[in-house]
Amino acid sequence: MKATVVATFFGVFLTCTYTAKEATKKAKKAKLYVPQIDCDVKAGKIINPEFIAKCPPGCQDVKYRVYGTDIYASFSSVCNAAIHSGIIDNTGGKVLVQKVAGHSGYRGSFSNGVRSLSLPRWRESFLVSEGKPRKGVTYPSTLEYSSSKSTAVKSEPKKTEQDPKDMKSADTANTSGKASDEGDAVHKEYQTTPVLTPTTQMATTTPTPTTTTTDPSTTVPQPTTTAAATRTTAAPAKARPGLHRVRDMGSSSVHPAYASVVAAAASAQRQEPIATFQRAASSPVHLAMEIDSWKPGLSIFDTGFSSKEELNPKPLESISQGNQNCKVDLSFLMDGSWSIGKRRFQLQKRFLGNVAQALGISSAGPLMGIVQYGDDPSTEFNLKTYVNSKDLRNAIEKIQQKGGLSNVGKALSFVNKNFFLDANGNRGGAPNVVVVLVDGWPTDRVEEASRLARESGINIFFVTVAAAAQSEKQNVIEPNFVDKAVCRTSGFYSINVPSWFSLHKVVQPLVKRVCNTDRLACSKTCLNAADIGFVIDGSSSVGTGNFRTVLQFVANISKEFEISDTDTRIGAVQYTYEQRLEFSFDKYSTKQDVLNAIKRISYWSGGTSTGAAISYASEQLFSKSKPNKRKIMILITDGRSYDDVSVPAMAAHQNGVIAYSVGVAWAAPDELEAIASDPAKEHSFFVDEFDNLYRYVNQLIQNICTEFNSQPRN
């Protein structure tokens, strides 16, 4: 009896154990539901800091923009970025997305059939990898999206049939109704939004461990170089290439060799020196935000006007005043190949010393570093090593020849990835310039490497000495290599010298070109190459409170640009029946001064003559724009105009003005499209109320940058 009971109990125990194991297996085998996204979905539109999503087929298309390489700006298409990185192909598939901090530079490239574009910086980035869950991380089965563009339009059917004066009276009546709601702390729409406010985020002290991501650029060591590289004596000379002539047979004796100092961090990005674009990696929710920090309910001008927002880094301590009219960051690629010979290598060093003297090196003016190339490139010294011409000239005299081939393409790639980093003295606000000295011709291809460098905003000059003779032309790997490499094929960026012995004659012409910052077209980006004029509706229907909201919108756009006399300039016009120039492009030359000027604009009140305002802005603002600037007009209005807008807008377009229209509340869609440049859907925006304007700060800047980066650069 006892044995039977024990056996029965044991059997029940085994049955329960088996059942539990089976249940556990089934639980483990429960598949993760992977949400599907469309090809045009950008990472910044998804709030989740880390997620797995399924991409459909057919996302490999130029209309789905991608910005960056390996690390992508958050307004890139998730799926096309995954194709660019090789995670999936055009048939689609699952991809893991991790949000990381914004970067100060995104490098464009061509990979896996996708052309990605360059971008100077953006506030948020993301990484893509194979769509497999990471251990210990819980992934959402439903993705959270930031609010999309509103399609609701407030309309009053009888409004277009009324007399203009009666219409404006009706607008005013509505305004009083809206104004009465201004005391409300927050609209209902913001009470349900899943995005946390900055105050909430700052109060969060324990980030969710399952979704924390780390910005890889903070963990990869920055490349470092020293002024005196380790030398080895009695290094045997490398065999001279048979296809590349030797200019000085007397230089075939023993040559000292440099140990190559090649940076390991090929994907390291320039670090933005300002806290504005540095998102804490320990706060994924903070990283996921792509909207501006200002929200309705905060005190107006509480954000966006601090001096901490200034993007221009402080200059280094100046040892010498130097030439302050030539603020450029300059890298010379000196030819260390065997073909140049010992004597001519000395002439090259003398030339570089004379250039350093003529430039007037200083921390407030031009800074100069040197990379020597042969088989492989290496940095002799970087931008911050020497900050006066005398020390720089002495250092140049001590450079020893490397030897090897003339691999210019490899040298340009090296400079693009490693030289212009903040850690190496890059100042951000100064144009990046590379001058390539080459004896005869390169022994590798330069076209792709130089194109990537140009897309990164680097101005490339070539100084070629003694071109190939007729009998040597069959040895040239890439014919017309200069035209394929330089920033522009206008002749401004290339100098040919018949002999090393006449190189001294081009010192002054080269210095003059390098210092002509208005001509350095390849350093121009979407953030520093425009004259932006805001045309602001100050009519009675706007109201005082809403007008301050409009000014905040104007300020939040302005602060994202690099503002100075030579960079982006800002101007503003306010209009009703009449027009008033608030400030012109040449009035303020610093970001803080511009933001303060926007803050001081006083509300006018009156009618709505938008057509006349466009004509006024064309005459008073854009007629005084600089020839090398892109002319951008951003018009904000809340109602239908009393006059025609199409003819003034067309005249502005024909004069090179790129027009963006932003409509609020009762703005007429047909007028917004008439004001906007083609294609209208990328240049016109609508929100149902003023408090929603902030949503389009990023979209406007994105479209401005997309349009700029899509233009041919050579």
Side-chain angles (χ1 to χ4, degrees), residues 149-184 187 189 296 300 534-555 557 572-582 598-599 601-617 633-646 648-649 659-676 684-696:
K149 183 174 180 178
S150 174
T151 56
V153 180
K154 294 183 180 179
S155 61
E156 296 181 35
K158 297 180 181 179
K159 198 167 186 181
T160 56
E161 300 174 5
Q162 294 176 344
D163 180 86
K165 292 181 180 179
D166 296 334
M167 185 194 310
K168 187 52 67 175
S169 299
D171 286 355
T172 307
N174 284 313
T175 303
S176 62
K178 284 189 283 184
S180 66
D181 296 331
E182 288 176 7
D184 296 341
H187 287 275
E189 181 177 352
I300 202 73
F534 290 94
V535 181
I536 305 167
D537 185 347
S539 61
S540 302
S541 60
V542 175
T544 304
N546 288 333
F547 187 77
R548 302 303 293 171
T549 303
V550 171
L551 294 186
Q552 183 68 59
F553 174 70
V554 170
I557 293 173
V573 166
Q574 185 182 174
Y575 74 95
T576 59
Y577 281 128
E578 302 175 277
Q579 306 83 35
R580 183 168 72 196
L581 179 64
E582 299 294 351
I598 295 170
K599 184 177 180 179
I601 295 176
S602 59
Y603 176 49
W604 203 355
S605 185
T608 308
S609 295
T610 307
I614 295 172
S615 298
Y616 181 86
M633 179 177 69
I634 300 176
L635 185 144
I636 308 110
T637 182
D638 81 324
R640 182 175 287 277
S641 176
Y642 296 166
D643 60 359
D644 175 66
V645 300
S646 58
Y660 289 86
S661 58
V662 182
V664 188
W666 302 287
D670 58 322
E671 288 188 349
L672 295 178
E673 291 184 5
I675 294 167
S684 62
F685 304 88
F686 176 83
V687 291
D688 55 354
E689 53 186 278
F690 286 91
D691 283 344
N692 291 339
L693 276 172
Y694 76 94
R695 295 179 178 176
Y696 290 113

- Centroid-to-centroid, Tyr642 to Tyr577, below 6.0 Å?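 For Tyr642 and Tyr577, the ring centres are under 6.0 Å apart.
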
- salt bridge (charged side-chain N to carboxylate O under 4.0 Å, His left out) against Glu582, all qualifying residues, sequence neighbours excluded: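 Arg580.
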
- Query: Can you name the one residue among Ile634, Val573, Leu551 that meets side-chain contact (heavy atoms from CB on, under 4.5 Å) with Ile536?
  - Reply: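 Answer to the side-chain contact (heavy atoms from CB on, under 4.5 Å) test with Ile536 among Ile634, Val573, Leu551: Leu551.
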
- Residues two or more places apart in sequence or in another chain: which of them pass ring-ring contact (aromatic ring centres under 6.0 Å, His included) with Tyr660?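 Tyr660: ring-ring contact (aromatic ring centres under 6.0 Å, His included) contacts with His683.
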
- Item | With sequence neighbours excluded, residues passing ring-ring contact (aromatic ring centres under 6.0 Å, His included) with Tyr616 |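 Counting only residues at least two positions away or on another chain, Tyr616 forms no ring-ring contact (aromatic ring centres under 6.0 Å, His included).
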
Would you mind reporting whether [Y] and [X] have side-chain heavy atoms less than 4.5 Å apart?
X	Y	value
Gln552	Tyr694	no
Ile598	Phe534	no
Ile636	Val554	yes

Nearest 0.5 Å please: distance from the [atom1] atom of [X] over to the [atom2] atom of [Y].
X	Y	atom1	atom2	value
Tyr603	Ser539	OH	OG	6.0 Å
Glu671	Asp644	CD	CG	8.5 Å
Asp670	Arg640	CG	CZ	4.5 Å
Ile675	Met633	CD1	CE	7.0 Å

- Query: What residues, two or more places apart in sequence or in another chain, satisfy side-chain hydrogen bond (donor to acceptor under 3.5 Å, both in side chains) together with Thr637?
  - Reply: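 For Thr637, the residues satisfying side-chain hydrogen bond (donor to acceptor under 3.5 Å, both in side chains) (neighbours in sequence not counted) are Asp537, Tyr575.
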
- Task: Name all residues meeting the side-chain hydrogen bond (donor to acceptor under 3.5 Å, both in side chains) criterion together with Ser609; count only those two or more places apart in sequence or in a different chain, and write none if there are none.
- Result: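 Once residues adjacent in sequence are excluded, Ser609 has no partner under the side-chain hydrogen bond (donor to acceptor under 3.5 Å, both in side chains) criterion.
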
- Query: Of Phe686, Phe690, Phe685, which meets ring pair (Phe, Tyr, Trp, His ring centres under 6.0 Å) against Tyr696?
  - Reply: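 Among the candidates, only Phe685 passes.
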
Search all heavy atoms of [X] against all heavy atoms of [Y] and return the closest pair with its distance.
X	Y	result
Asp643	Thr610	OD1-N, 3.4 Å
Ala649	Ala674	CB-O, 3.5 Å
Ser641	Gly611	OG-N, 3.8 Å
Gln579	Ala612	NE2-CB, 3.4 Å

Treating [X] as the side-chain partner and [Y] as the backbone partner, does any N or O pair qualify as donor plus acceptor under 3.5 Å?
X	Y	result
Gln574	Ser602	yes
Asp638	Ala665	no
Thr608	Thr576	no
Arg548	Lys599	yes

